[in-house]
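Only heavy atoms go into these numbers, but all of them, side chains included; no hydrogens, no water, no symmetry mates. This structure is a prediction, so every number in the text was calculated from the model and none was measured.
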Amino acid sequence: MEEHLGDRLTSVAVERVFALNHAQRRVLRNWSVEERPGKVVEIIVALPDGCSADAAHTALHRLIAAHEALRSRLAHDSNGALAQQVVDVTTAARTLGHHHEELDDSLDPEEVAERLRPHPVDPEKAASHCTLYTIRGRVRVVMLSVSHVFADGVSQQVLVRTLEALLNGTITEVPAALQASAFSGERAEAVLEANTAHWREVLQRAPRACTYSGGDRGLTEVVRSVGVIVESALQQEVRAAAGRLRTSPFVIWTAAAHLLASALSGRHDLVFRSTTANRTRASEFGVVAQLAQALYPRVDGGSSDTAGERVRQVHTAVLAAQHHGVHEVAALLDWLDEPDVRAGAVFKPAFEINHAAAMRADLSTSLVSTAPVEEESSVRVDPRAANADLAVSIWEEQAGAAVILSARPPVWRQREPARLLADLLTTTRHLCRAPQDKVTDVAVEPLPAVAGLLHGHHSGVSLDVATTRDLLLSHPAVVACDFSLHIGAEGRRLLRAEVRLNVPVPEHRLWEWYVGRQRRLSGAVVPDELVLIAADDLRRVSGQGGHPA
């Protein structure tokens, strides 16, 4: 029988220390110790009429008392592993980091709230930090910064609504809710194991990565984003198409993003990434906890599909992903990087898409019109995190929708983000209006680099000649190289490379070098067959990069 995260939770007692859940293990795997304090969700409430500092403190203490996630910190269990420790209400209130800031009385609190950025929170010390913004002693804006280790996007919305109601006097007590300890790691062990095995099967022979262009990733890179408020006519078209095709707006947007990635890369068998909160029951949507889980559905499409068929393929993949959503992503990604699984390339989905309802009808974003808004940010490159080079976020409410497209260098060096966003909206309109058209009828040009890629390698990675050569020549002992794709004994297309060495290098050391170097490259794989030429010696090593038979 399928076990939901809400099963057996009403009888769970509060635990002082409990095991981190699967979602927390994922984020701690992907975030360095130095990055963790900056991973924060902000809870911001503006008060038109203001309130006293005592009233604000009372509301905050009631909120903290109601949710053990707000009284948590990272600690070590008896075995030395990181765990979640919940402190008592008095200790949590006493150790809550906070400060006051007096605002000029000419400022509009709503405008102040829109410009605020969260305060860093060290999860090893506390779960949150509070700032009260006052005008002439009256609290006009409250910002609660909560560590992302203990709260996700759904938690953020729960806390905004609850704190707003407490501050406005709509409620005086926080409604009872399930607690973070109910979702601790050991409670869903059997489900985690079964679902992780499912994802291994899905991704075992899926394409390892989608190549938009070749190149070196470096240690950091610039992400360029552009967002826009969707015209109401298009939003209505998306909803109407969802009704006709018996699916959801999320699936329509995801299918459109899939069609865009297909048009840009020339591929149709793509794995994408999405994030779900793993909440399936109404009671679970009141939980404040980090439950957001990365999913990697595969859509094995083809160039002869219609747009409507692609919608159905995405719909089926999304339903299966939700059913198997509670799994060990950290363990899955580690497994995908094992030598006999990785197929010569680090795992990287073709695109990422997330769809959520905004916290308020005004969309609660920096977007205020249908004119595109562009931003840039610098991010650390972490190949093990399986981040996509193309990402789409949709925030939707009855009153409107915002779409934000983000691109990493392999994409934005080929095409400006604003044009990519326009391409996405064009694709979405085409999908809604003509689902009977072929997927190849979408009027989006491939990225320029795609024409020069070598296709057909069994990993699914399209190879960039220059980047592949750079990989082979990257070892200091290699002075020359040659390579080609050929049909192997099992009928798969393999990369065969000859490298000439100026000094002898142990074969396993060369393999290790190429594996480590490849993680930071786009459009290259570790050769399946490697011929080492040193002096007059000729030796062959084969099969190191392939899938197990």
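- Between the side chain of Arg29 and the backbone N or O of Gln24 there is no donor-acceptor pair closer than 3.5 Å.
- The minimum heavy-atom distance linking Val40 with Pro118 is given by the pair CG1-CB, 3.7 Å.
- One N or O on the side chain of Trp412 and one on the backbone of Val222 form a donor-acceptor pair closer than 3.5 Å.
- Nearest heavy-atom pair across Ala386 and Arg273 is O-NH1, 3.4 Å.
- There is a side-chain donor-acceptor pair under 3.5 Å between Ser474 and Trp513.
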Derivation and outcome, side-chain hydrogen bond (donor to acceptor under 3.5 Å, both in side chains), residues Asp300 and His268:
CA-CA 7 Å; Asp300 189 12; His268 298 275; over 6 Å; no
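- Pairs passing the salt bridge (charged side-chain N to carboxylate O under 4.0 Å, His left out) check and including a residue from residues 445-467, sequence neighbours excluded, read Arg419-Glu445.
- Using a 4.0 Å cut-off between charged nitrogen and carboxylate oxygen, Arg279 and Asp152 count as a salt-bridge pair.
- The pair Asp470-Arg517 does not meet the salt-bridge criterion, since no charged nitrogen lies less than 4.0 angstrom from a carboxylate oxygen.
- Without hydrogens or angle criteria, Arg71 side chain to Ile64 main chain gives a donor-acceptor distance under 3.5 Å.
- Ser274 contributes no side-chain N or O that, together with a main-chain N or O of Leu295, makes up a donor-acceptor pair within less than 3.5 Å.
- Gln85 and Ser72 share no donor-acceptor pair across their side chains, judged by distance under 3.5 Å alone.
- Here the straight-line distance linking atom OG1 of Thr254 with atom NE2 of His258 works out to 10.0 Å at 0.5 Å rounding.
- With hydrogens and angles disregarded, a donor-acceptor distance shorter than 3.5 Å links the side chain of Gln518 to the backbone of Ala524.
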Does the ring-ring contact (aromatic ring centres under 6.0 Å, His included) test come out yes or no for His355 and Trp395, once each step is laid out?
CA-CA 6 Å; His355 180 278; Trp395 291 85; 9.4 Å; no
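- The environment of Glu193 atom CD is sparse: at most 12 non-hydrogen atoms of other residues, nucleotides or ligands sit within 6.0 angstrom.
- In the displayed structure, Glu338 atom CD is contacted under 6.0 Å by more than 12 heavy atoms of other residues, nucleotides or ligands.
- Heavy-atom minimum distance, His22 versus Gln293: CD2-OE1, 2.8 Å.
- Side-chain atoms of His148 come within 3.5 Å of backbone atoms of Ala151 as a donor-acceptor pair (strictly under, hydrogens ignored).
- Although no hydrogens or angles enter the test, the distance criterion places a donor-acceptor pair under 3.5 Å between the side chain of Ser459 and the main chain of Val461.
- In summary, Asp389 and Arg217 engage in a salt bridge, as defined by a charged side-chain N under 4.0 Å from a carboxylate O.
- Judged by the 6.0 Å and 45° rule, Arg36 forms no cation-pi pair with Trp31.
- A distance-only check finds a donor-acceptor pair linking the side chain of Ser145 to the backbone of His119 [under 3.5 Å].
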Under 3.5 Å, which donor-acceptor pairs link side chains of residues 120-130 to any protein atom two or more places apart or in another chain?
from   : atom 1 : to     : atom 2 : distance (Å)
Asp122 : OD1    : Glu124 : N      : 3.0

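- Side-chain atoms of Tyr514 come within 3.5 Å of backbone atoms of Leu472 as a donor-acceptor pair (strictly under, hydrogens ignored).
- The minimum heavy-atom distance linking His67 with Gly286 is given by the pair CE1-O, 4.0 Å.
- Here the straight-line distance linking atom OG of Ser265 with atom OH of Tyr212 works out to 5.5 Å at 0.5 Å rounding.
- The minimum heavy-atom distance linking Val33 with Pro37 is given by the pair O-CD, 3.4 Å.
- Counted by atom type alone, Ser225 and Ser406 present one or more donor-acceptor pairs between their side chains at under 3.5 Å.
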Any chance you could lay out the side-chain contact (heavy atoms from CB on, under 4.5 Å) test for Ile43 and Val146, step after step, and finish with the verdict?
CA-CA 8 Å; Ile43 316 303; Val146 182; 4.1 Å; yes
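- Residue pairs meeting the salt bridge (charged side-chain N to carboxylate O under 4.0 Å, His left out) criterion with at least one partner in residues 257-272, sequence neighbours excluded, are Arg267-Asp269.
- Heavy atoms only, all atoms of each residue included: Val403 and Leu424 are closest at CG1-CD2, 3.9 Å.
- The OG1 atom of Thr275 sits 4.0 Å away from atom CG of Asn354, with the distance rounded to the nearest 0.5 Å.
- Atoms CG and SG, on Leu264 and Cys210 in that order, are 8.5 Å from each other to the nearest 0.5 Å.
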From CA spacing to verdict: side-chain hydrogen bond (donor to acceptor under 3.5 Å, both in side chains), Asn195, His327
CA-CA 5 Å; Asn195 286 345; His327 67 290; over 6 Å; no
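- Evaluated for a salt bridge (charged side-chain N to carboxylate O under 4.0 Å, His left out) with Arg380, the options Glu221, Glu35, Glu34 yield exactly one hit, Glu35.
- Salt bridge absent: Arg26 and Glu328 never bring a charged side-chain N and a carboxylate O closer than 4.0 Å.
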